[in-house]
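Following: one structure in C-alpha cells, then a few remarks.
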Amino acid sequence: MPSIGILVRGMEENAGKKLAYCVGDYVRELSRYINLERLDGITIAVDYNEALLDLDRGCETDHRLTPSSELVEGVAMAPSVIRDGVLKSHLVLNAAYIFPCLTTRTSTTPTPCICLPMNALMSNSQ
C-alpha cells in the first residue's frame with residue numbers, strides 16, 4: 001500500500017491522532033481489496049465545508065467544492081486532484097460522522113461510517 005497522509009483539522013490533538021490511526025487502520029484493510037494507488041490523502045475535518053474549500057486541487061478551477069445540503073447532509077467527498085501531473089483523489093471526511101468509528105470499531109469489520117466514504121472514493125476513482 002502506498003503511504004497515504006491523513007490530516008485531521010479542528011480537533012484536539014490526542015483525539016485527532018486516535019481518529020487518524022483508526023481511519024488509517026481501515027484504509028490499510030481496504031487496500032487489500034481496493035487499489036488505492038491514486039489516493040492522494042485523507043482530510044478529516046470538523047469544519048467540513050471549509051476543508052472542501054481549502055483543498056489544494058493541483059490546478060486552477062472556478063468550481064467550488066460544496067457538500068450536499070438539500071435532501072441529505074454531505075459527509076464525505078473524493079474530489080479529483082492533480083499531483084505531479086497525475087490525476088488522483090483526495091478523500092475529505094466530515095469528522096462528526098467519522099468520529100464514532102472510535103467507539104464502534106471492531107477488530108475484523110469496518111463500520112458503516114467508514115464504508116460509506118470508501119464507496120465515494122471507489123466511485124470517483126474509476
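No hydrogens, no waters, no symmetry mates; every other heavy atom, side chains included, goes into these values.
- Smallest separation of non-hydrogen atoms from Gly10 and Val46: O-CG2, 3.1 Å.
- Taking each heavy atom of Tyr48 and Pro67 in turn, the nearest pair found is CE2-CB, 3.3 Å.
- Rounding to the nearest 0.5 Å places NE2 of His90 at 12.0 Å from CE of Met77.
- Considering all non-hydrogen atoms of both residues, Ala76 and Leu93 come closest at CB-CD2, 3.7 Å.
- In this structure, Lys17 NZ and Glu12 CD are separated by 9.5 Å, a value rounded to the nearest 0.5 Å.
- At a threshold of 4.5 Å between non-hydrogen side-chain atoms, the residues Leu52 and Thr66 do not count as touching.
- Every residue two or more places apart in sequence or in another chain that forms a salt bridge (charged side-chain N to carboxylate O under 4.0 Å, His left out) with Arg32 is listed here: Glu29.
- Placement of Ile34 and Ile42 within a single hydrophobic cluster is found when ILVMFWY residues are connected by side-chain heavy-atom separations under 4.5 Å, directly or transitively.
- Checking side-chain atoms of Asp84 against main-chain N and O of Val86 turns up no donor-acceptor pair under 3.5 Å.
- A distance of 12.5 Å separates OG1 of Thr43 from CG of Asn94, quoted to the nearest 0.5 Å.
- Counting only heavy atoms from C-beta outward, the side chains of Pro79 and Leu55 approach each other to under 4.5 Å.
- Annotation for Arg9 and Glu50: closest pair NH2-OE2, 3.1 Å, computed over non-hydrogen atoms.
- Taking every heavy atom of both residues into account, Leu87 and Ser80 meet most closely at CD1-CB, 3.7 Å.
- Among Val75, Val8, Leu19, the one residue that satisfies the side chain to side chain contact (heavy atoms under 4.5 Å, CB included) test with Ile98 is Leu19.
- Pairing each heavy atom of Arg83 with each of Asp56, the nearest pair is NH2-O, 2.6 Å.
- Residues Val92 and Leu7 are members of separate hydrophobic clusters, defined by side-chain heavy-atom contacts under 4.5 angstrom among Ile, Leu, Val, Met, Phe, Trp and Tyr.
- Around atom CD of Glu13, no more than 12 heavy atoms belonging to other residues, nucleotides or ligands sit under 6.0 Å away.
- Scored by the salt bridge (charged side-chain N to carboxylate O under 4.0 Å, His left out) test, Glu60 finds no partners at all (sequence neighbours excluded).
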